[in-house]
Amino acid sequence: MSNDRSYQAKEFNLSGLNGISDRTLEMHFKLYEGYVKETNKLTEKISEFLADGKVDQDEVPAYSELTRRLGFEYNGMVLHEYYFGNMKQQGSGDPGKASNFVKAAETSFGSYDIWKADFVGIGKMRGVGWAICYENPTNGRLSNHWITLHETGNVAGFNPVLVMDVWEHAFLLDYKPAERPKYIEAFFSNIDWDACEKRLQKGTTARSSAAK
Ligand SMILES: [Fe+2]
């Protein structure tokens with residue numbers, strides 16, 4: 001059931017990426033739409049429990065289970081939007097040396113190359129999840145994190161700047177399971193660094209308005 005509180009799947013025009021096929025993207029968009037639908041469905045079901053203004057004792061097990069699932073579906077929806085949103089056709093590989101991202105990486109890690117070694121290292125970790133570079137909005141510092149599934153490891157209140165899906169569905173039509181490093185290389189060649197700069201800018205704006 002859809003209402004004015006429900007989410008709509010966003011559209012991303014990414015065909016023709018380097019090393020990530022259109023077939024993979026089409027399948028991936030469908031999976032993403034599934035997260036949007038499930039987020040809406042769970043929200044609706046939970047609201048039915050709340051319709052009488054309370055959670056009855058006999059409703060607690062079902063209510064709890066749906067609420068636990070909501071974290072998985074919600075993060076699945078949002079992280080895919082960040083992921084698709086930080087790629088583009090003819091991406092630029094590495095960011096410009098004068099970019100705010102490179103400056104933030106130098107301040108936080110010593111150099112962009114060290115930042116990248118950490119981010120790629122996380123992306124190669126065994127398991128099902130994501131590599132995410134976050135900005136701490138209070139001080140502008142970057143840190144890289146491993147997220148298990150979609151919901152375990154996200155840092156509350158931090159600003160996702162670069163988000164990389166490393167679930168096998170992100171690359172299995174193009175590479176073997178053991179070839180994740182090749183997918184990561186392809187992902188880097190498609191990064192939309194302008195999108196990452198805009199995300200960083202959001203953190204900078206939040207800091208400057210908090211300082212006033
Ligand atoms: Fe995915």
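Predicted model only: the values in this text are computed from it and were never measured. Numbering of ligands and ligand atoms starts at 1, following listing order.
Checking Arg5 against Asn40 by side-chain atom types alone, no donor-acceptor pair falls below 3.5 Å. Side-chain N/O atoms of Asn159 and Glu135 include a donor and acceptor closer than 3.5 Å.
Partners of Tyr82 under the ring-ring contact (aromatic ring centres under 6.0 Å, His included) rule, at least two apart in sequence or in another chain, do not exist in this structure. Applying the ring-ring contact (aromatic ring centres under 6.0 Å, His included) test to Phe171 and every residue at least two apart in sequence or in another chain returns Tyr183.
Evaluated for a side chain to side chain contact (heavy atoms under 4.5 Å, CB included) with Met87, the options Ile191, Asp192, Leu17 yield exactly one hit, Leu17.
Within the protein, the N, O or S atoms sitting under 2.8 Å from the Fe ion (ligand 1) are His28 NE2, His80 NE2, Asp165 OD2, His169 NE2.
Under the salt bridge (charged side-chain N to carboxylate O under 4.0 Å, His left out) criterion, the residue pairs touching residues 7-19 are Lys10-Glu81, with sequence neighbours excluded.
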